[in-house]
Amino acid sequence: MSSAVPLTVKGTIRAPGDKSISHRALIFAAMANGQTRIRDILPSADVHATAAALRAMGVDIPALSEDFVVRGRGLDALHSPEQAFDCANSGTTTRLLTGLVAGLTGRAARFEGDASLSRRPMKRVAAPLSEMGARISFEGAAGHDGLPMRVSGQPLKALRYVNTHASAQVKGALLLAGLCGGVDVTIEEPVRSRDHSERMLAARGVRLEITDTSVTLPAGQVVLPADVVVPSDPSSATFFAALAAMADAGELRLENVCLNPTRTGAFDVLRRMGADIVVEHSADVGGELIGTLVVRPSSLVGTQIGGAEIPRCIDELPIIACVAARARGETRITDARELRVKESDRIRAVVDNLRMLGVEVEEFPDGMRVVGSTAPLSGHVVTHGDHRLAMAFGVLGALPGNHLTIDDPGCVAVSYPAFWRDLTGAVGLGRAPEVAHVGSQSATATPLVVAIDGPAASGKSSTAQWVAQLLDVRHVDSGAFYRALTFLATETGEAPERWTAETLLGHAGRVTWRLTERSVLPLVDGVERDEALRGANVTRNVSRVASMAPVRRWVNSVVRSAGAAVDVVVDGRDIGTAVFPDAQLKIFLVADSWERARRRLIQRLSRRPNDAEIAEEVEALVARDAQDATQSAPARDAITIDTTTVTQEEQVERIVALARATRERLRP
Ligand code: S3P
């Protein structure tokens with residue numbers, strides 16, 4: 001790849017559904033009594049977390065797809081979840097659902113999340129909700145006001161709350177508590193935060209009194225069902241507006257973008273920096289302004305961003321900082337302290353990464369100063385699992401002369417699962433980071449996911465490979481990612497008993513993946529290590545690694561991002577339950593332990609084992625099954641195939657027939 005070749009961008013990007021609207025569409029549908037049709041929802045990890053939590057409260061939400069119906073039965077039908085909500089990486093899921101549960105008398109939920117979410121402050125919702133009468137307790141270390149957290153719904157009293165900073169999550173949580181608890185609520189903010197809750201509630205028959213900086217919900221109202229078409233997320237579209245503005249030639253058309261004025265601050269900032277952004281065809285759709293943006297390259301200059309503008313571009317500041325690194329002169333971002341408590345400390349993380357790349361940058365408590373240059377940038381970006389950092393630096397890495405690697409490209413699954421595919425489409429193959437080689441699948445098709453699960457040695461991996469080959473789609477062996485971490489841990493020489501999720505995930509930055517013709521190939525330090533990953537030392541310890549929840553979350557996010565990009569057959573534990581609860585076809589393979597032991601030995605010894613050998617292997621397998629027991633339950637909608645007496649060929653044929661029928665339904 002010659003990096004000096006000028007970059008011409010071309011094409012039309014339809015960024016995925018707006019994240020804020022997607023969460024709210026599900027929550028309001030769950031509260032209403034009746035059917036809500038939802039189209040173009042964002043099928044990302046964050047939104048999956050909200051859907052899963054609402055399902056656990058008894059709401060009938062089918063797999064998230066381009067067009068589906070939620071059958072709400074009103075607030076009284078919502079029950080306490082049996083298990084804790086897994087909010088994964090999603091602050092919006094946590095804060096909005098805290099408000100919902102807080103107002104449901106007699107119902108309670110425990111909230112858990114990944115390491116990043118668990119670090120984020122929850123007192124901002126807990127304090128006003130407690131003032132209304134809800135019972136909220138933090139169950140982590142003493143003094144830590146974050147997850148895990150227990151919320152217990154109580155009869156509430158009215159609240160007038162003056163928030164010291166603009167927060168749509170806090171505002172949304174208090175409105176939900178008011179609706180569920182049947183009490184008046186007023187929220188005042190220094191500057192209006194994004195107002196999707198207000199617009200969507202108004203469309204659902206809820207009367208609100210709104211001024212420039214306050215919202216009042218009068219008591220005693222119900223949320224009516226109303227269909228929703230989710231527009232594209234302006235925060236996601238901004239990555240491509242920035243890319244086009246920094247390119248050398250061509251143009252990008254960004255379709256269907258939500259142009260709600262509380263969300264368009266980044267476009268205003270880019271324009272002020274000199275970007276050529278033209279809005280075409282804007283129209284009001286369901287209470288939101290939607291339009292097509294046409295963005296062309298131009299020469300960019302630094303700017304100042306602060307004050308009331310910050311809430312209108314808060315999520316876009318990482319990409320704006322990256323644009324500033326390529327603009328003439330300096331850019332100052334201030335009044336953005338809130339960035340420190342997003343999915344990562346985005347001030348520190350952006351500053352550290354830009355500095356590491358050689359950009360002159362200064363950190364402020366509430367922002368940063370970035371000095372633009374044209375020097376080629378190269379280095380390894382540490383995302384801290386933060387989706388917006390991965391995408392911001394992904395865009396920077398696609399510019400001529402720059403060569404960046406991104407430690408955790410899979411984390412884009414939080415808000416923009418197909419980001420790398422769209423980036424490749426806009427800049428052409430060979431420009432974007434190596435994860436971006438994703439073939440020619442059309443940008444709007446829903447990828448087919450065939451999930452194959454089953455206990456140890458049930459033949460899932462070899463079956464999945466064969467099925468993928470016959471369907472002509474890629475195979476993802478999720479176990480290989482656990483193996484990659486295990487391999488890196490064995491290399492340190494530290495005793496396996498001392499490994500912790502934290503030390504293991506310390507190696508995650510060295511594991512990336514690339515799409516090949518046939519598979520999603522894990523790479524260790526950029527290199528394929530298939531043989532090393534299958535070594536005895538790794539096999540002995542991989543089960544321990546795979547039993548750690550944070551490690552599982554990491555592998556899940558990597559695998560999900562692959563599955564969101566292209567059609568895949570995926571095998572591994574929990575694939576149909578935790579990783580792809582929305583897979584269109586789920587298979588659970590079982591076989592009796594004698595047969596599984598026999599197959600495993602044939603594979604290992606390349607000959608027929610004798611009975612004594614099989615008996616010994618059965619013991620090892622039974623022990624492994626016990627260790628894996630919590631992970632290996634089939635999904636409720638999985639098709640179980642007992643393979644004890646069928647040949648692998650028959651079993652593969654059966655799965656291929658099922659998959660072809662599924663694909664036909666998906667893309668007639
Ligand atoms: C969101 C509100 C914002 C934003 C987040 C989504 C929402 O946070 O950063 O990505 O959907 O309500 P706050 O307004 O709470 O700061």
Side-chain angles (χ1 to χ4, degrees), residues 15-28 41-42 44-47 49-50 53 87-100 113 116-117 120-129 146 161 163-177 187-201 213 215 228 230-231 233-239 258 260 262-266 288 308-320 335-347 366 386-389 391-392 411-412 414-416:
D18 185 76
K19 186 155 75 67
S20 295
I21 297 178
S22 295
H23 286 292
R24 288 163 175 80
L26 289 171
I27 295 171
F28 296 146
I41 198 166
L42 167 68
S44 79
D46 268 22
V47 180
T50 291
C87 301
N89 190 247
S90 178
T92 312
T93 305
T94 311
R95 296 191 178 122
L96 293 185
L97 293 184
T98 298
L100 180 87
S116 142
L117 181 61
R120 297 179 66 183
M122 294 301 153
K123 199 160 160 195
R124 55 182 61 196
V125 280
L129 289 169
Y161 187 65
N163 202 350
T164 50
H165 73 280
S167 167
Q169 293 175 349
V170 173
K171 177 172 64 178
L174 297 181
L175 290 173
L176 286 169
I187 304 112
E188 281 182 37
E189 300 181 295
V191 182
R192 177 185 295 181
S193 60
R194 63 186 66 184
D195 63 358
H196 303 295
S197 294
E198 294 93 305
R199 289 171 190 260
M200 294 176 80
L201 285 172
T213 51
V215 186
V228 43
V230 182
D233 197 320
S235 304
S236 300
T238 302
F239 294 109
C258 177
N260 177 320
T262 60
R263 297 290 303 282
T264 47
E288 294 283 9
E309 192 166 43
I310 293 293
R312 298 180 56 240
C313 63
I314 186 79
D315 292 338
E316 293 76 60
L317 289 172
I319 179 64
I320 289 173
D335 305 317
R337 191 183 288 270
E338 188 59 19
L339 277 186
R340 296 213 180 262
V341 289
K342 291 292 181 186
E343 285 82 330
S344 67
D345 175 345
R346 287 183 176 159
I347 294 178
D366 64 345
D386 186 333
H387 54 135
R388 298 207 197 277
L389 286 183
M391 293 187 277
C411 68
V412 302
V414 158
S415 66
Y416 197 158

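Atoms within a ligand are numbered from 1 in the order they appear, just like the ligands themselves. These figures come from a predicted structure and were not determined experimentally. The figures here come from the full heavy-atom set of this structure, side chains too, leaving out hydrogens, waters and symmetry mates.
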Hey, is ligand 1 close enough to R95 that some N/O pair sits below 3.5 Å?
no
Shortest heavy-atom approach to atom 9 (O) of ligand 1 - which of R263, H165, E189, K342
K342
D315 heavy atoms, cut-off 4.0 Å: which ligand 1 atoms fall inside?
4 (C), 5 (C), 9 (O), 10 (O)
Exercise: do D46 and S44 side chains pair donor with acceptor under 3.5 Å
no
Protein heavy-atom partner closest to atom 13 (P) of ligand 1 - residue, atom, separation in Å
S167 OG, 3.6 Å
If you measure from the Lys or Arg side-chain nitrogens to the Asp or Glu carboxylate oxygens, is any gap between E198 and R192 under 4.0 Å?
no
Side-chain ion pair, R263 and D233, N-O less than 4.0 Å
yes
Given that the side chain starts at C-beta and the backbone is N, CA, C, O, which of these parts of H23 lies under 4.0 Å from ligand 1, counting heavy atoms, or is it both or neither?
neither
Is it true that a side-chain atom of T93 and a backbone atom of A49 form a donor plus acceptor pair closer than 3.5 Å?
no
Got an N/O contact under 3.5 Å between Q169 and ligand 1?
yes
Quick check on contacts: which atoms of ligand 1 are under 4.0 angstrom from a heavy atom of S20?
1 (C), 6 (C), 7 (C), 11 (O)
Electrostatic pair R194:D18 at N-O distance under 4.0 angstrom
no
Close-contact set for ligand 1 against K19 heavy atoms, below 4.0 Å:
10 (O)
Who's the nearest protein heavy-atom neighbour of atom 12 (O) of ligand 1, and how far?
R24 NH2, 2.6 Å
Would you say A168 and ligand 1 have an N/O pair spaced under 3.5 Å apart?
yes
Output yes when a side-chain donor or acceptor of D366 lies under 3.5 Å from a complementary backbone atom of D335, and no otherwise.
yes
Assess the side chains of H165 and R124: does a donor N or O sit below 3.5 Å from an acceptor N or O?
yes
